[in-house]
Amino acid sequence: MPNKDLQKSSRTTFSPTMRGKKLALLQKSLPNRLISWFLAHQRQLPWRQTTDPYAIWVSEIMLQQTQVATVVPYFSRFMSRYPTVHELAAVPLEDVLSIWVGLGYYSRAARLHRCAQFICTYLNGRFPSTRTELMALPGIGRYTAGAVASIAFGQSVPVLDGNVIRVLTRLLAIPDNIAAPATHTLLWAIAEKLVPSADAGTYNQAIMELGATVCLPRHPLCSRCPVRGLCQARRRSLQSTLPVKTAARQPRKSFCIAVVIEAAGKLLLLKRPPGGLWSSLWEFPTFHAPTRRSTEKHALRIMERSLGLSVSAVRAIGPLRHQLTHRTFEYHIFHTRMDAAPPHLLLPASDCGRYQDFAWVDTVAQRPCGTITRKIEQAIKAGSVVTARDPNVLASR
DNA sequence: AAATCGGGGTC
DNA sequence: GACCCAGATTT
């Protein structure tokens, strides 16, 4: 196990006492250097124009596992629609989800909404201001609590996100696997020691900004780094090897059949159950595929058995692939058109969870739905007819 | 400790 | 295609 030996030996190279000395040095000069760099080089972002805890909170929830550039337009739309926590608490979850569509991790929207209702009902619309109280709220963990407490309330508490992890492991040349909980504990402890007692919010944003724009995962821009003189990784040329992380697992592959049923120009959508993937979002009726390659016959049987609709003909579309971090979906889509008025349905039981409701809509934009549903609607509109038995067409795609 | 939860940016 | 993203929660 050469890998293990390597890690062991490098760990002994950086003893705790040695790290303590380096830490003391960082403690002294890191905050001021980062803050002055930040004040001169920060990006102008909408949530930096305010100290409103509500706005800071919304931005931090959106920024979880989501890049800044992606969040900006969502944040602006969200704040125009719900300028204060009261407007947010007053609307149904469905409305909030419709703003969230495309951003991913939809449970964030549900928890944000629950959180808003709690704050309005029990706290008279006032935000908790301490890390401990914030962490008690749904969807607010240690990172988000630290961010809101420091940025909105000036508390001297740290944050630890992907950016900070990268910066700290490099500054201190920490060779431990960052996927290990023990490493997380170590890094939080280091972050606690480094956060200054004054301007913690600015310092926290500065160290994250450094990670996002200079201390990049690959090919960091060390020549532009304001703290390159303090960096152990740079001294030892370890920038490209830190942080150490176990490789991600291959995503699971799933095959589904989605049926697009059009009746008198209306499309049938079903509402997914709360919890799980695409919680409470709408989609075309979707079912686990019995085989890798679904046929029209499969589609007709599913429509009959699961939806109680007898259909004479369908056309095949796709397949469409949809990639998530830990899943790969292959959608085989079947489209059917009926002249009759939209039939009333008994709520069907799908094999991937019970649908909650159904609706006939002119366009999927009328309900909150995931990106794949929009992709499917586009494919239907484009009228791309690709049958699974037509290798020429498949090959040309 | 590992899995789950999205979708897009980036090289 | 691989890796990453201002993580939280559940199992």
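Lettering follows sequence order; numbering is per chain, from 1.
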*By side-chain hydrogen bond (donor to acceptor under 3.5 Å, both in side chains), which residues pair with A/Asp199, not counting sequence neighbours?*
none
*With no hydrogens and no angle check, is any side-chain donor or acceptor of A/His288 less than 3.5 Å from a backbone partner on A/Ser254?*
no
Contact class for [X] vs. all strands (heavy atom < 4.0 Å): base, sugar-phosphate, or nothing?
{"X": "A/Val71", "result": "nothing"}
{"X": "A/Arg166", "result": "sugar-phosphate"}
{"X": "A/Ser279", "result": "nothing"}
{"X": "A/Trp47", "result": "base"}
{"X": "A/Arg114", "result": "nothing"}
{"X": "A/Leu103", "result": "base"}

Measure all distances between protein nitrogen or oxygen atoms and nitrogen or oxygen atoms of nucleotides 2-4 of chain B, and list the pairs falling under 3.5 Å.
residue: B/dA3; atom: OP1; partner: A/Arg249; partner atom: NH1; Å: 2.0

*Other residues, nucleotides, ligands: >12 heavy atoms within 6.0 Å of A/Arg305 CZ*: no
*Which ones in residues 190-215 of chain A lie close to DNA chain C, meaning a heavy atom under 4.0 Å from one of its atoms?*
A/Met208, A/Glu209
_Say we look at B/dG9 and C/dA8: how far apart would their P atoms be, to the nearest angstrom?_
23 Å
_With nearest nucleotide decided by heavy atoms, which residue, A/Ser59 or A/Pro138, maps closer to the 5′ end of DNA chain C?_
A/Ser59
*Give the first and the last nucleotide of DNA chain C, reading 5' to 3', that has any atom under 4.0 Å from a heavy atom of chain A.*
C/dC4 to C/dT9
All N/O contacts under 3.5 Å from nucleotides 8-11 of chain B to the protein, with atom names and distances to one decimal?
residue: B/dG9; atom: O4'; partner: A/Gln67; partner atom: OE1; Å: 3.0

Throw together a table of side-chain donor-acceptor distances under 3.5 angstrom for residues 365-372 of chain A, partners on residues two or more places apart or in other chains.
residue: A/Gln366; atom: OE1; partner: A/Asp362; partner atom: N; Å: 3.3
residue: A/Gln366; atom: NE2; partner: A/Asp362; partner atom: OD2; Å: 3.4

*Does a donor on one side chain sit under 3.5 Å from an acceptor on the other, for A/Gln67 and A/Thr70?*
no
